[in-house]
Q: 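Please find one structure pasted underneath; my questions will follow.
Note that this is a predicted model, so its numbers are computed, not measured. Lettering follows sequence order; numbering is per chain, from 1.
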Protein chains: 2
Amino acid sequence: MIQAPENSVFDASGHDHGACIHDALTRAETLCAQQGLRLTAIRRRVLELIWENHRPTKAYDLLNSINAERGNAAPPTVYRALDFLLDAGLIHKIESLNAFIGCDAAHGDGHPKFLICRACERVAEIPSPAVDTALAREAKRAGFTIDHETIEIGGTCAACAQRG
Amino acid sequence: MIQAPENSVFDASGHDHGACIHDALTRAETLCAQQGLRLTAIRRRVLELIWENHRPTKAYDLLNSINAERGNAAPPTVYRALDFLLDAGLIHKIESLNAFIGCDAAHGDGHPKFLICRACERVAEIPSPAVDTALAREAKRAGFTIDHETIEIGGTCAACAQRG
DNA sequence: CTTTAAATGTTATATACTAACGATTGAATA
DNA sequence: TATTCAATCGTTAGTATATAACATTTAAAG
């Protein structure tokens with residue numbers, strides 16, 4: 001189990017990880033039901049593995065886990081599940097790590113933004129309307145239409161900075 | 001030659017590409033001389049190829065170009081040159097494309113930020129103190145120390161939007 | 001049921017990157 | 001200028017990430 005640090009967005013103290021995973025899956029089921037998407041066994045399991053890990057998770061780690069359980073997965077099995085989950089907005093890809101993390105909807109309506117601690121490998125999905133506004137202004141100035149934002153801030157979280 | 005669109009940061013009208021490449025290499029030479037870095041033939045040629053392309057350029061495309069010229073390059077040849085150029089701040093890696101682009105210093109002192117047109121594949125490196133400020137504020141709120149920012153905004157540039 | 005589109009299995013391959021070690025080069029200095 | 005030593009480069013091999021293509025299975029809809 002992850003040791004609990006003490007700051008806000010990275011805070012894991014009082015984090016009931018079992019409930020966290022359960023909630024994420026419930027949200028996924030609700031969303032898929034609403035949108036007429038099929039959360040199949042593989043897709044559900046991949047999502048669950050990502051939430052269990054609660055860190056950016058690599059495709060081949062997922063592949064190994066799936067294979068340990070069912071013994072018959074090839075890369076496309078996992079990549080197709082990941083593509084589905086990405087399209088459904090249930091996970092995000094962290095481009096700078098080639099890894100995937102559950103969407104906790106902390107970005108609200110805005111674009112997702114991540115603080116990534118290199119020491120503990122944990123990721124916080126943060127809202128920041130101010131960043132969105134500033135980027136929207138820059139885009140407008142350039143006559144640029146935004147589709148997607150990749151905002152990944154690498155560094156050190158408070159807990160890791162404190163422990164040296 | 002790239003057809004010239006008409007907006008600001010993506011503007012290529014009146015762009016003398018030969019001079020642009022030449023300037024970039026001159027800047028690189030100056031910087032390396034100042035810092036006691038060795039801009040060797042391979043490193044220089046890789047940088048030049050990236051600027052000639054003037055788009056995010058893949059490592060293996062560079063490898064193929066080098067091989068067409070000299071016939072004896074393996075992946076490490078290119079990756080080592082890219083590592084050098086990255087460390088020297090002469091190029092940036094676009095994480096969302098696994099590709100590399102010349103640093104045009106448009107970010108000034110701040111972290112580099114990119115507008116990436118999916119239609120024409122061109123990239124504009126934009127300054128935005130407002131974005132930097134907003135992110136710094138969010139990081140501070142979280143007690144997070146920033147090392148590196150990956151900010152890549154995908155979308156459509158004005159010229160591509162106009163031509164449909 | 002039957003049909004059919006979606007999902008999955010399977011094989012193969014493309015793309016991205018790195019480790020390790022020997023050979024060469026070139027800058028510093030004896 | 002000869003020597004030395006660290007930086008650079010060549011080379012082989014391997015690991016990591018991702019996709020193409022097509023066969024088979026599943027399950028939703030008629």
Q: So, the side chain of Arg43(A) versus the backbone of Phe84(A): is there a donor-acceptor pair under 3.5 Å, distance only?
A: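 Not confirmed, Arg43(A) side chain does not pair with Phe84(A) backbone.
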
Q: In terms of ring plane angle, is the pair Phe114(A) and His92(A) parallel, tilted or perpendicular, where the classes change at 30° and 60°?
A: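 Phe114(A) and His92(A): perpendicular rings.
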
Q: Rounded to the nearest Å, what distance is computed from the CG atom of residue Asp87(B) to the C1' atom of nucleotide dT8(D)?
A: 14 Å

Q: In whole Å, I'd like the distance from the CG atom of Leu39(A) to the P atom of dA6(C).
A: 18 Å

Q: How many whole angstroms separate atom CG of Leu63(A) from atom C1' of dA18(D)?
A: 12 Å

Q: Between dC9(D) and Thr40(B), is there an OP1 or OP2 to side-chain N/O distance shorter than 4.0 Å?
A: yes

Q: Can you tell me how far P of dA7(C) sits from CG of Asn72(A), to the nearest Å?
A: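 From Asn72(A) CG to dA7(C) P: 18 Å.
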
Q: Write down the distance between CD1 (Ile42(A)) and C1' (dA27(D)), rounded to a whole number of angstrom.
A: 14 Å

Q: Under 3.5 Å, which protein N or O atoms sit close to an N or O of nucleotides 19-27 of chain C? Give each pair with its distance.
A:
none

Q: Counting only N and O atoms by type, is there a donor-acceptor contact under 3.5 Å from the side chain of Asp132(A) to the main-chain atoms of Gly110(A)?
A: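 No; zero donor-acceptor contacts below 3.5 Å.
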
Q: Can you measure from CD1 (Ile21(B)) to CG (Asp16(B)) and round to the nearest 0.5 angstrom?
A: 9.0 Å

Q: Find every protein N or O atom lying less than 3.5 Å from an N or O atom of nucleotides 13-17 of chain C, and list the pairs.
A:
| from | atom 1 | to | atom 2 | distance (Å) |
| --- | --- | --- | --- | --- |
| dA16(C) | OP1 | Lys58(B) | NZ | 2.8 |
| dA16(C) | N7 | Tyr60(B) | OH | 3.4 |
| dC17(C) | OP1 | Lys93(B) | NZ | 2.5 |
| dC17(C) | OP2 | Tyr79(B) | OH | 3.2 |
| dC17(C) | N4 | Tyr60(B) | OH | 3.0 |

Q: Please state how far atom CG in Leu37(A) lies from atom C1' in dA27(D), giving the value in whole angstrom units.
A: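 Going from Leu37(A) (CG) to dA27(D) (C1'), I get 16 Å.
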
Q: Apply side chain to side chain contact (heavy atoms under 4.5 Å, CB included) to residues Cys32(B) and Arg38(B) and explain how you reach the verdict.
A: CA-CA 6 Å; Cys32(B) 288; Arg38(B) 290 175 54 200; over 6 Å; no

Q: Is the ring centre of His111(A) less than 6.0 Å from the ring centre of His148(A)?
A: no

Q: Using a strict threshold of under 4.0 Å (side-chain N to carboxylate O), is an ion pair present between Lys113(B) and Glu152(B)?
A: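 Here Glu152(B) does not pair with Lys113(B) in a salt bridge, since their nearest N and O are not under 4.0 Å apart.
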
Q: For Phe84(B) and dT18(C), what is the distance between atoms CZ and C1' respectively, to the nearest whole Å?
A: 20 Å

Q: Quick check: does any side chain N or O of Thr133(B) sit under 3.5 Å from a backbone N or O of Val131(B), one acting as donor and the other as acceptor?
A: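 No, because the side chain of Thr133(B) does not come within donor-acceptor range (under 3.5 Å) of the backbone of Val131(B).
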
Q: Quickly work out the Leu86(B) CG to dT18(C) P distance and round it to whole Å.
A: 11 Å

Q: Tell me whether the side-chain N/O atoms of Thr77(A) come closer than 4.0 Å to OP1 or OP2 in dT8(C).
A: no

Q: Just wondering, do Ile42(A) and Thr77(A) contact through their side chains at under 4.5 Å, heavy atoms?
A: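 The answer is yes, as the side chains (C-beta and beyond) meet within the 4.5 Å cut-off.
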
Q: Mind grabbing the angle between the end helix axes of the helix from dC1(C)-dG30(D) to dA30(C)-dT1(D)? Five pairs an end, 10° rounding.
A: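 End-to-end axis angle: 30°.
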
Q: Is Arg45(B) salt-bridged to Glu52(B), cutoff N-O under 4.0 Å?
A: yes

Q: Keeping the roles fixed (side chain from Glu125(B), backbone from Asp104(B)), state whether a donor-acceptor pair exists under 3.5 Å.
A: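 Checked: pair present.
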
